[in-house]
Amino acid sequence: CGYLGDLQTWVAGDFAPNPNQSLTQDNPSFNYGAGFLFGAYLLERYGVDFLTTLVDEPADGVAGVESALASEGYTESFGELLADWALANFLDAPTVVGGTWGYEQFVVPSMGHITRTVPTSIATMTASPHAARYFVFELSVGAGSSLELDITSDAWANLGIRYAVYPAGDRSGATVGSFVMTAASDVLTIGNVGGADDRVVLVMTELGGVSSASFEIVASHP
(Lines give C-alpha, C1' and ligand atoms only; values in the text may rest on other atoms or scores of the structure.)
Protein backbone atom coordinates (compact mmCIF):
# COMPACT_ATOMS: atom_id res chain seq x y z
CA CYS A 1 0.00 0.00 0.00
CA GLY A 2 3.00 2.28 0.10
CA TYR A 3 3.02 2.79 3.86
CA LEU A 4 6.69 1.79 4.11
CA GLY A 5 7.47 5.11 2.44
CA ASP A 6 6.50 6.77 5.73
CA LEU A 7 9.70 5.33 7.23
CA GLN A 8 11.76 7.80 5.20
CA THR A 9 9.31 10.61 4.61
CA TRP A 10 7.79 10.89 8.07
CA VAL A 11 9.93 8.88 10.52
CA ALA A 12 13.37 9.94 9.30
CA GLY A 13 12.31 13.32 7.99
CA ASP A 14 10.05 14.55 10.78
CA PHE A 15 9.36 12.34 13.81
CA ALA A 16 12.82 10.99 14.70
CA PRO A 17 14.52 14.42 14.77
CA ASN A 18 11.74 15.69 17.06
CA PRO A 19 10.00 12.79 18.86
CA ASN A 20 8.25 15.16 21.27
CA GLN A 21 5.12 14.96 19.09
CA SER A 22 1.83 13.47 20.22
CA LEU A 23 0.93 10.00 18.99
CA THR A 24 -2.79 10.68 19.42
CA GLN A 25 -3.14 14.20 18.04
CA ASP A 26 -6.16 14.42 15.72
CA ASN A 27 -5.89 15.36 12.06
CA PRO A 28 -4.61 17.52 10.47
CA SER A 29 -1.74 17.53 12.99
CA PHE A 30 -1.39 13.75 13.29
CA ASN A 31 2.22 12.66 12.77
CA TYR A 32 2.38 9.79 10.28
CA GLY A 33 5.88 8.89 11.45
CA ALA A 34 4.61 8.23 14.95
CA GLY A 35 1.63 6.37 13.56
CA PHE A 36 3.82 4.19 11.32
CA LEU A 37 6.13 3.21 14.19
CA PHE A 38 3.29 2.51 16.61
CA GLY A 39 1.45 0.33 14.11
CA ALA A 40 4.66 -1.55 13.29
CA TYR A 41 5.39 -1.99 16.99
CA LEU A 42 1.94 -3.46 17.63
CA LEU A 43 2.38 -5.85 14.72
CA GLU A 44 5.82 -7.05 15.81
CA ARG A 45 5.00 -7.29 19.51
CA TYR A 46 1.57 -8.93 19.29
CA GLY A 47 1.31 -10.40 15.79
CA VAL A 48 -1.17 -10.36 12.94
CA ASP A 49 -4.09 -11.77 14.94
CA PHE A 50 -3.92 -8.86 17.37
CA LEU A 51 -3.81 -6.33 14.55
CA THR A 52 -6.88 -7.98 13.01
CA THR A 53 -8.68 -7.69 16.35
CA LEU A 54 -7.68 -4.03 16.60
CA VAL A 55 -8.97 -3.24 13.11
CA ASP A 56 -12.27 -5.01 13.90
CA GLU A 57 -12.63 -3.21 17.26
CA PRO A 58 -15.54 -0.70 17.16
CA ALA A 59 -13.94 1.69 19.65
CA ASP A 60 -11.41 4.22 18.36
CA GLY A 61 -8.20 5.62 19.77
CA VAL A 62 -6.85 4.64 23.17
CA ALA A 63 -10.08 2.88 24.14
CA GLY A 64 -9.87 0.74 21.01
CA VAL A 65 -6.29 -0.31 21.70
CA GLU A 66 -7.07 -1.22 25.31
CA SER A 67 -10.20 -3.14 24.28
CA ALA A 68 -8.21 -5.11 21.70
CA LEU A 69 -5.51 -5.87 24.26
CA ALA A 70 -8.10 -7.19 26.71
CA SER A 71 -9.83 -9.22 23.98
CA GLU A 72 -6.55 -10.96 23.16
CA GLY A 73 -5.77 -11.63 26.83
CA TYR A 74 -3.05 -9.03 27.37
CA THR A 75 -2.92 -7.19 30.70
CA GLU A 76 -0.86 -4.10 29.87
CA SER A 77 -2.57 -0.72 29.66
CA PHE A 78 -2.19 1.73 26.81
CA GLY A 79 0.08 3.82 29.04
CA GLU A 80 2.43 0.92 29.72
CA LEU A 81 2.49 0.08 26.03
CA LEU A 82 3.18 3.71 25.11
CA ALA A 83 6.16 3.93 27.47
CA ASP A 84 7.57 0.63 26.17
CA TRP A 85 7.14 1.82 22.58
CA ALA A 86 9.00 5.05 23.32
CA LEU A 87 12.02 3.16 24.65
CA ALA A 88 11.89 0.69 21.74
CA ASN A 89 12.07 3.62 19.33
CA PHE A 90 15.32 4.76 20.92
CA LEU A 91 17.04 1.41 21.44
CA ASP A 92 15.79 -0.37 18.31
CA ALA A 93 17.40 -3.51 19.73
CA PRO A 94 15.04 -6.49 19.30
CA THR A 95 17.69 -8.88 20.65
CA VAL A 96 17.49 -7.35 24.14
CA VAL A 97 15.83 -9.69 26.65
CA GLY A 98 12.06 -9.65 26.20
CA GLY A 99 12.22 -8.92 22.47
CA THR A 100 10.05 -5.81 22.81
CA TRP A 101 12.73 -3.14 22.52
CA GLY A 102 13.12 -2.76 18.78
CA TYR A 103 12.03 -3.72 15.28
CA GLU A 104 13.00 -6.75 13.21
CA GLN A 105 11.73 -5.49 9.85
CA PHE A 106 13.59 -2.18 9.57
CA VAL A 107 16.09 0.14 11.26
CA VAL A 108 14.72 3.17 13.13
CA PRO A 109 16.63 6.44 12.63
CA SER A 110 18.23 7.87 15.77
CA MET A 111 15.69 9.59 18.02
CA GLY A 112 16.42 13.19 18.92
CA HIS A 113 17.73 13.42 22.48
CA ILE A 114 19.51 15.60 25.01
CA THR A 115 22.99 14.47 26.10
CA ARG A 116 24.57 15.40 29.42
CA THR A 117 27.71 14.35 31.29
CA VAL A 118 27.19 13.27 34.90
CA PRO A 119 27.12 15.01 37.32
CA THR A 120 24.80 17.61 35.86
CA SER A 121 21.53 19.41 36.32
CA ILE A 122 18.94 19.80 33.60
CA ALA A 123 16.58 22.73 33.36
CA THR A 124 12.87 22.06 33.27
CA MET A 125 11.81 20.19 30.14
CA THR A 126 8.34 19.41 28.77
CA ALA A 127 6.82 16.35 27.11
CA SER A 128 3.79 16.87 24.89
CA PRO A 129 0.64 14.77 25.50
CA HIS A 130 1.30 11.12 24.59
CA ALA A 131 4.87 11.98 23.56
CA ALA A 132 8.36 11.28 24.92
CA ARG A 133 11.58 13.11 25.75
CA TYR A 134 14.95 11.33 25.71
CA PHE A 135 17.94 12.05 27.94
CA VAL A 136 21.30 10.30 27.45
CA PHE A 137 23.71 10.49 30.38
CA GLU A 138 27.41 9.95 29.67
CA LEU A 139 29.25 8.23 32.54
CA SER A 140 32.96 8.21 33.37
CA VAL A 141 33.02 6.02 36.47
CA GLY A 142 34.18 2.50 37.18
CA ALA A 143 32.04 -0.59 36.74
CA GLY A 144 29.60 -1.31 39.54
CA SER A 145 28.80 2.35 40.24
CA SER A 146 25.34 3.87 40.64
CA LEU A 147 23.51 6.73 38.93
CA GLU A 148 21.09 8.82 40.95
CA LEU A 149 18.37 10.78 39.13
CA ASP A 150 16.39 13.31 41.17
CA ILE A 151 13.13 13.85 39.28
CA THR A 152 10.66 16.61 40.10
CA SER A 153 7.32 17.08 38.35
CA ASP A 154 3.86 18.32 39.27
CA ALA A 155 2.59 15.94 36.58
CA TRP A 156 4.33 12.94 38.14
CA ALA A 157 1.20 10.75 38.10
CA ASN A 158 1.06 11.00 34.30
CA LEU A 159 4.69 10.10 33.60
CA GLY A 160 5.79 6.75 32.24
CA ILE A 161 9.50 6.29 32.93
CA ARG A 162 11.78 3.78 31.24
CA TYR A 163 15.57 3.59 31.15
CA ALA A 164 18.33 1.48 29.64
CA VAL A 165 22.02 1.02 30.47
CA TYR A 166 24.34 0.17 27.58
CA PRO A 167 27.86 0.60 26.17
CA ALA A 168 28.33 3.56 23.84
CA GLY A 169 27.71 2.46 20.27
CA ASP A 170 26.15 -0.90 21.21
CA ARG A 171 22.54 -0.76 22.33
CA SER A 172 22.08 -4.48 21.62
CA GLY A 173 23.54 -5.22 25.05
CA ALA A 174 21.23 -2.89 26.96
CA THR A 175 19.77 -3.61 30.38
CA VAL A 176 16.25 -2.20 30.60
CA GLY A 177 14.25 -0.98 33.60
CA SER A 178 11.24 1.08 34.60
CA PHE A 179 10.37 3.48 37.41
CA VAL A 180 7.09 4.73 38.91
CA MET A 181 7.14 8.03 40.76
CA THR A 182 5.22 8.05 44.06
CA ALA A 183 5.38 11.81 44.71
CA ALA A 184 6.12 15.09 42.96
CA SER A 185 9.79 14.69 43.91
CA ASP A 186 11.34 11.24 43.74
CA VAL A 187 14.71 9.58 43.24
CA LEU A 188 15.53 6.89 40.70
CA THR A 189 18.73 5.02 41.54
CA ILE A 190 20.18 2.83 38.81
CA GLY A 191 22.83 0.42 40.02
CA ASN A 192 25.63 -1.46 38.27
CA VAL A 193 26.54 1.25 35.78
CA GLY A 194 29.93 2.51 34.65
CA GLY A 195 32.93 0.88 33.06
CA ALA A 196 31.93 -0.46 29.65
CA ASP A 197 28.29 0.39 30.39
CA ASP A 198 28.93 4.10 30.06
CA ARG A 199 25.56 5.31 28.75
CA VAL A 200 22.13 5.56 30.35
CA VAL A 201 19.08 6.69 28.41
CA LEU A 202 16.10 7.98 30.40
CA VAL A 203 12.77 8.11 28.55
CA MET A 204 10.05 10.35 30.00
CA THR A 205 6.64 9.70 28.38
CA GLU A 206 3.48 11.71 29.03
CA LEU A 207 0.62 9.24 29.55
CA GLY A 208 -2.44 11.41 30.18
CA GLY A 209 -2.92 12.52 26.60
CA VAL A 210 -4.49 15.88 27.50
CA SER A 211 -1.85 18.22 28.94
CA SER A 212 1.91 18.51 28.58
CA ALA A 213 4.10 17.35 31.48
CA SER A 214 7.03 19.42 32.71
CA PHE A 215 9.84 18.00 34.83
CA GLU A 216 13.34 18.66 36.10
CA ILE A 217 16.10 16.08 36.42
CA VAL A 218 19.35 16.29 38.35
CA ALA A 219 21.88 13.49 37.73
CA SER A 220 24.70 12.51 40.09
CA HIS A 221 26.70 9.60 41.45
CA PRO A 222 25.80 8.89 45.09
Problem - Short side-chain to backbone donor-acceptor contact, Asn20 and Ser128, under 3.5 Å - result: yes
Handout entry: Side chain proximity check, Phe179 to Asp186, heavy atoms < 4.5 angstrom
Key = yes
Handout entry: Side-chain heavy-atom pair Leu87, Asn89 within 4.5 angstrom cut-off
Key = no
Practice task
Report yes if the side chains of Leu147 and Leu139 come closer than 4.5 Å at any heavy-atom pair, otherwise no.
Solution key: yes
Handout entry: Pair His221 and Phe137, ring centroids less than 6.0 Å apart
Key = no
Handout entry: Ser22 side chain to Pro129 backbone, donor-acceptor under 3.5 Å
Key = yes
Practice task
Please confirm whether the backbone N or O of Ser77 pairs with a side-chain atom of Glu80, one donor and one acceptor, at under 3.5 Å?
Solution key: yes
Fill in the blank from the handout: Taken to the nearest 0.5 Å, the spacing of Ser153 OG from Met181 CE works out to 6.0 Å
Problem - Working for ring pair (Phe, Tyr, Trp, His ring centres under 6.0 Å), residues Phe36 and Trp10 - result: CA-CA 8 Å; Phe36 172 86; Trp10 279 96; over 10 Å; no
Problem - Spacing of Arg171 atom CZ and Thr95 atom OG1 [to the nearest 0.5 Å] - result: 13.0 Å
Handout entry: Aromatic ring proximity, centroids under 6.0 angstrom, Phe90 and His113
Key = yes
Exercise for the section: Would you confirm whether Glu206, through its side chain, and Gly209, through its main-chain N or O, come within 3.5 Å as a donor-acceptor pair? Expected result: yes
Handout entry: Pair Arg162 + Asp84: basic N to acidic O under 4.0 Å
Key = yes
Exercise for the section: State yes or no: do Leu188 and Leu207 share one hydrophobic cluster built from I, L, V, M, F, W and Y residues joined by side-chain heavy-atom distances below 4.5 Å, directly or via other members? Expected result: no
Problem - Donor-acceptor contact below 3.5 Å, side chain Ser67 vs main chain Ala63 - result: no
Fill in the blank from the handout: To the nearest 0.5 Å, atom CZ of Phe78 lies from atom CD of Glu66 at 7.5 Å
Handout entry: Centroid separation Tyr74 to Tyr46 less than 6.0 Å
Key = yes
Practice task
Keeping the roles fixed (side chain from Thr120, backbone from Arg116), state whether a donor-acceptor pair exists under 3.5 Å.
Solution key: no
Practice task
Look at the side-chain heavy atoms of Ile, Leu, Val, Met, Phe, Trp and Tyr, link any pair under 4.5 Å apart, and say whether Leu91 and Phe106 land in one connected group.
Solution key: yes
Handout entry: Side chain Arg133, main chain Thr126, donor-acceptor under 3.5 Å
Key = yes
Practice task
Indicate whether the side chain of Asn192 and that of Asp197 have a donor and an acceptor atom separated by less than 3.5 Å.
Solution key: no
Exercise for the section: Without swapping roles, check the side chain of Ser29 against the backbone of Gln25 for a donor-acceptor pair under 3.5 Å. Expected result: no
Exercise for the section: Would you check if Phe50 and Leu42 make a side-chain contact, meaning some heavy-atom pair closer than 4.5 Å? Expected result: yes
Exercise for the section: State, with a plain yes or no, whether a side-chain heavy atom of Val218 is found less than 4.5 Å away from one of Thr152. Expected result: no
Problem - Side-chain donor or acceptor of Glu44 paired with backbone N/O of Gln105 under 3.5 Å - result: yes
Exercise for the section: Taking the six-membered ring for Trp and the full ring for Phe, Tyr or His, determine whether the centres of Phe38 and Tyr41 are under 6.0 Å apart. Expected result: no
Practice task
Spell out, as yes or no, whether a donor-acceptor pair under 3.5 Å connects the side chain of Asp14 to the backbone of Asn31.
Solution key: no
